[in-house]
Amino acid sequence: MSMENRTVRIAVASGKGGTGKSCVSSSLVLCRDSVTAVDADVEEPNLSLLLDGHLHLHKEVNVLVPEIDTSICTRCGKCSNYCLYGALTQIGNNPPLLNKNLCHNCGVCSMICPYNAIRETPYRVGEIRSALHGRPRIVEGRIDIGTVNSIPVIKETLKEASGLGDLMVVDCPPGTSCPVVACMEDSDFVLLVTEPTPFGLADLEMALELSKMLHKASAIIVNRSDLSGGDVKVLSKRYNAPILASFPFSRNIAEAYAQGISPVKVDKIWKTGIDKVWEFLEREVLS
Amino acid sequence: MKPKEIVVVSGKGGTGKTTISSSFCKITAGNSVICDTDVDAPDLWILMEPDIQETRSFKGMAQAEVIETRCVECGLCRDFCRYDAILMNEKNKAFVKPSACEGCGGCSFLCPVQAIRMVEREQGQYYFSRTDLGPFWHARLNPGGENTGLLVHLLREEARKTARIEDKELILVDGPPGVACPTISSLTGADHAIIVTEPSISGRHDLMRLTELCEKLGVPFSIIVNKSDLSSDYYSRIVQECSYRSWNLLGSIPFRKEVVDSIAKKKIPLEELNPEVEQIWEKFITQFNK
C-alpha cells in the first residue's frame, strides 16, 4: 500500500462496547510520534480523557434542513408525500411541519418543490473539538444530546482530521451498524479489540464480518486475555486476522483507566505489546 | 392493565447492561416479556437459550440500484446525492455504494431515463423465542446494516403486543450503548430507564450525557453503579453527583470474578451478583409501583 501523501487511517473497533478500544487507541497514539488521535465515537467520546487532552471548540457541525416559505407554499403536498423518512407532515390546509429528528438532510423536498418554496438552512447537530498543538494531536467529534443521526458528525470529524498529518488512529463507536461503517469505510487497516468471553466473541465475529464486507484487512488485539469462555484463535484463523497482542486483566490497569490514565503509561506488558502492534503496522500498512 | 416497560441502558459500553438485565429477567421470570434492542451487538440471547418460534425478515428502507444498461452517464444522480453514495464506474456508468445509500430516492426521481429503482434489501432478522424465563423478542442486524432505530421500534412494538396477549406486567428491555439513534428509539415512550454505570472518568462522562438524554425525552431514570470498587474516587464522585442532582441511586455492585466466570459458562450470574442485585430490584420495583 503506498502512502501518496494522504493520511493513513487505522480504525480501532470492537463490536462489543467496553472491551478496551479507547485503551488501545490511546496507547497506540502515545507510543508513536506524530499520530493524530481521532475520537469518532461521537455519541460518547472519551478518548481525550485518557490523553490528558485540553480540547477547544474546533468547529460546529451543521446539517441542512428544509425551511418552508409559507407565503409561497401552495400546500400541494408533494414534499410530504415524497419524504421517505416521514419528516414532513401536512395536515389539512396547513403548511407542512418538519420533524428535525426524522430528517436525513437529503435535499429531496427542496429539489422537488414545484414553487421553490423550500430553502435549506443549517441546523446544529454537534461539534468538533481539538487540541492541535499539544502532543498528541487530538480531534474529537461530539453529537449534541438529542441528535438521532450521528453520521454527519462522524464524517465531518474524519474529514477535519485528514488534513492534519500523515497518520491517524480512529477510535470507533461500538456495534457493527452504519456509524461503524462510516468510520471503517475509508480506513487502511482495522484493529479489532476483543475479550475472550462469549459476548466479546459473538460481537467480534460480527465486526470481522463487517471488515470483510468492506474489503478491509484486519487484525485482533485480545484484552483481558485471561478471561475464559471462548477461543479467539478460531475466528482469527477463519477471517485471516492475526492476533497481534494479548493483554491479561490487571487490577492495576483497571484502576489507572478509571482515573483516566492510559494502560501504556502504567504497564510494561502494554508497552511491549503496543510496540509490536506498531512494528506490524509499519511493515504491513505503512511501508 | 398496560404493561410497564423498563429499559436498561448505559451510555458507555461494557458497564454490565446485559449481565444486570439478565439477572432482572431471572428475578421477574414468568411476569415479564424480554426484549433485546442492542441490535448490532446483541448478546442477551447467549444467556437465554432461546427456542426460536418465529423468524422475520427486517427490510428497513429501500435503497437505490442502477440499471446499468439504461444509464446515459449524465451524472445527475451522483451530483445530487448528499451521502456520496453514487459513483461512476470505469465504463462511466453510475453505481450505488449500498453502505452509504440512505434511501432518500432523490436519484431515482431525478434520473432522466428511469435507470434507478429503489430496491428493498434484507438488513437483518428478528425473532420471537420462548425461554425458561419468558417470551423473548430479539434481533440481529446484518453487519453494516442500517435503520437500527426502526428495528428497535419494531421489537418494542412486538414485545408490547406479546405482553398484552400473555398478560405480563413488565417488559424488560436490554438496550444499546450510546446516546443516538438506537438508544433514542429504545427510550422514547418507555416507563423507566435503569442506567448501569461504572466508577471511572469515562463512566461518569457518559452517564452525564445519558441522563441529559433521558431528561430531554422525559423518561424517568434510576442509576446502578456496577464494579463499584474499581475506583473509590470516582465512586464517591458519582454518588455525590446523584445526591446533588437528586438522582435516584438504586445501589451498587462490586466487581466479582465469579460474575465473569458465570458468563463464560453462558449462565445468568444471579447468585454471583447477589445479594445486591435482588435488593436493587426490590428497591426499584417498590418505588416504581408507588
Side-chain angles (χ1 to χ4, degrees), chain A residues 14-20 22 41-46 49-50 64 82-85 101 104-108 111-112 143 145-151 173-182 185 197-199 202-203 206-207 209-210 212-214 227-230 254-255 257-260, chain B residues 10-15 18 38-43 46 61-62 80 82-83 99-100 102-106 109-110 141 143-146 148-149 176-185 198-203 205-206 209 212-213 216-217 227 230-231 233-234 255 260-261 263-266:
Chain A
S14 71
K16 178 169 157 44
T19 56
S22 300
D41 185 2
V42 301
E43 297 181 48
E44 299 288 20
N46 38 40
L49 301 176
L50 294 170
L64 291 173
Y82 211 91
C83 176
L84 296 178
Y85 309 108
N101 282 327
H104 281 230
N105 334 106
C106 66
V108 167
M111 182 253 292
I112 224 165
I143 59 164
I145 294 298
T147 296
V148 175
N149 183 3
S150 61
I151 307 291
T176 50
S177 66
C178 35
V180 186
V181 173
E185 209 159 38
T197 61
F199 295 173
D203 299 346
M206 291 178 77
E209 197 57 50
L210 178 63
K212 187 176 141 195
M213 202 185 93
L214 297 172
L227 297 183
S228 55
E255 279 165 16
Y257 168 78
Q259 302 290 327
Chain B
S10 69
K12 179 170 158 44
T15 59
T18 303
D38 189 3
V39 295
D40 60 329
D43 289 334
I46 294 169
M61 295 197 62
F80 176 77
R82 290 275 168 87
Y83 314 117
S99 60
E102 294 193 23
C104 72
F109 179 85
L110 264 180
L141 196 73
E146 307 232 0
T148 48
V179 290
C181 177
T183 306
I184 291 178
S185 190
E198 64 172 37
S200 67
I201 188 170
S202 312
H205 169 268
D206 296 357
R209 282 171 69 79
E212 194 185 332
L213 180 67
K216 206 158 191 168
L217 297 172
K227 309 173 200 166
L230 197 61
S231 153
D233 178 18
Y234 275 91
F255 175 79
V260 187
D261 295 337
I263 301 275
K265 289 182 210 131
K266 304 184 183 180

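Below, each value reflects all heavy atoms present in this structure, side chains not excepted, and no hydrogens, waters or symmetry copies. Protein chains get the first letters and strands the later ones, always in sequence-line order, with residue 1 at the start of each.
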Query raised in the report: Measuring heavy-atom distances to chain A, does B:T148 have an atom under 4.5 Å in its side chain, in its backbone, in both, or in neither?
Result: side chain
Query raised in the report: Between A:T197 and B:A264, is there a donor-acceptor pair closer than 3.5 Å when you use the side chain of the first and the backbone of the second?
Result: no
Query raised in the report: Checking A:P45 against chain B: side chain, backbone, both or neither under 4.5 Å from a heavy atom?
Result: both
Report summary line: With chain A, the option among B:G106, B:A100, B:G144, B:P199 that has the most non-hydrogen atom pairs under 4.5 Å is B:G144
Query - chain B contacts, top residue of A:E209, A:M111, A:E185 (heavy-atom pairs, under 4.5 Å) - result: A:M111
Requested in this report: Can you measure from CG (B:D40) to OG1 (A:T176) and round to the nearest 0.5 angstrom?
Outcome: 4.5 Å
**Report entry** chain A contact via B:L141 - which portion, at a heavy-atom distance below 4.5 Å
**Finding:** both
Query raised in the report: Would you say the side chain of A:I143 lies within less than 4.5 Å of the side chain of B:V179, judging by non-hydrogen atoms?
Result: yes
Query raised in the report: chain A: which of B:G14, B:C104, B:S200, B:G13 shares the most heavy-atom pairs with it under 4.5 Å?
Result: B:C104
Report task. Sort B:Y83 into side chain, backbone, both or neither according to what part of it lies under 4.5 angstrom from a heavy atom of chain A. Result -> both
Query raised in the report: According to the interplanar angle, ranging from 0 to 90°, do the rings of A:H104 and A:Y85 count as parallel (below 30°), tilted (30 to 60°) or perpendicular (above 60°)?
Result: parallel
Requested in this report: Using a cut-off of under 4.5 Å on heavy-atom pairs, state which of B:K265, B:K227, B:H205 scores highest against chain A.
Outcome: B:H205
Query raised in the report: Do any N or O atoms from the side chain of B:R209 and from the backbone of B:G11 form a donor-acceptor pair under 3.5 angstrom?
Result: no
**Report entry** Which of B:K266, B:K216, B:E102 touches chain A most, by non-hydrogen pairs under 4.5 Å
**Finding:** B:E102
Requested in this report: Go through the atoms of A:S177 and report whether side chain, backbone, both or neither lie under 4.5 Å from a heavy atom of chain B.
Outcome: both
**Report entry** Separation between SG of A:C178 and CD of B:E146, rounded to the nearest 0.5 Å
**Finding:** 4.5 Å
Query - B:F109 and A:V108, any side-chain heavy atoms less than 4.5 Å apart - result: no
Requested in this report: Under 4.5 Å, counting heavy-atom pairs only, tell me which of A:I112, A:L50, A:T19 racks up the most with chain B.
Outcome: A:I112
Query raised in the report: Relative to chain B, which segment of A:V181 carries a heavy atom at a distance below 4.5 Å: side chain, backbone, both, or neither?
Result: side chain
Report summary line: Among A:K212, A:Q259, A:K16, the residue with the most heavy-atom pairs under 4.5 Å to chain B is A:Q259
Query - Heavy-atom proximity to chain B below 4.5 Å, by part of A:M213 - result: side chain
Query raised in the report: Which bit of B:P182 comes within less than 4.5 Å of chain A, counting heavy atoms only: side chain, backbone, both or neither?
Result: neither
Requested in this report: Taking B:E198 for its side chain and B:T15 for its backbone only, find out whether a donor-acceptor pair lies under 3.5 Å.
Outcome: no
Query raised in the report: Taking A:G15, A:G107, A:G260, A:A202 one by one, which has the highest count of heavy-atom pairs under 4.5 Å against chain B?
Result: A:G107
Query - Heavy-atom donor-acceptor pair, A:S150 side chain to A:V42 backbone, under 3.5 Å - result: no
Report summary line: Counting heavy-atom pairs under 4.5 Å with chain B, the top scorer among A:L227, A:L84, A:N101 is A:L84
Query raised in the report: Atom CG in A:L49, atom OG in A:S22: separation rounded to 0.5 Å?
Result: 8.5 Å
Report summary line: Pair count under 4.5 Å, heavy atoms only, with chain A: among B:G149, B:G145, B:S231, B:P176, highest is B:G145
Query raised in the report: Is the closest side-chain heavy-atom distance between B:D43 and B:D38 below 4.5 Å?
Result: no
Query raised in the report: Among B:L213, B:I46, B:D261, which has the most heavy-atom pairs under 4.5 Å with chain A?
Result: B:I46
Query raised in the report: Can you tell if the side chain of A:E44 reaches within under 4.5 Å of the side chain of B:S10, non-hydrogen atoms only?
Result: no
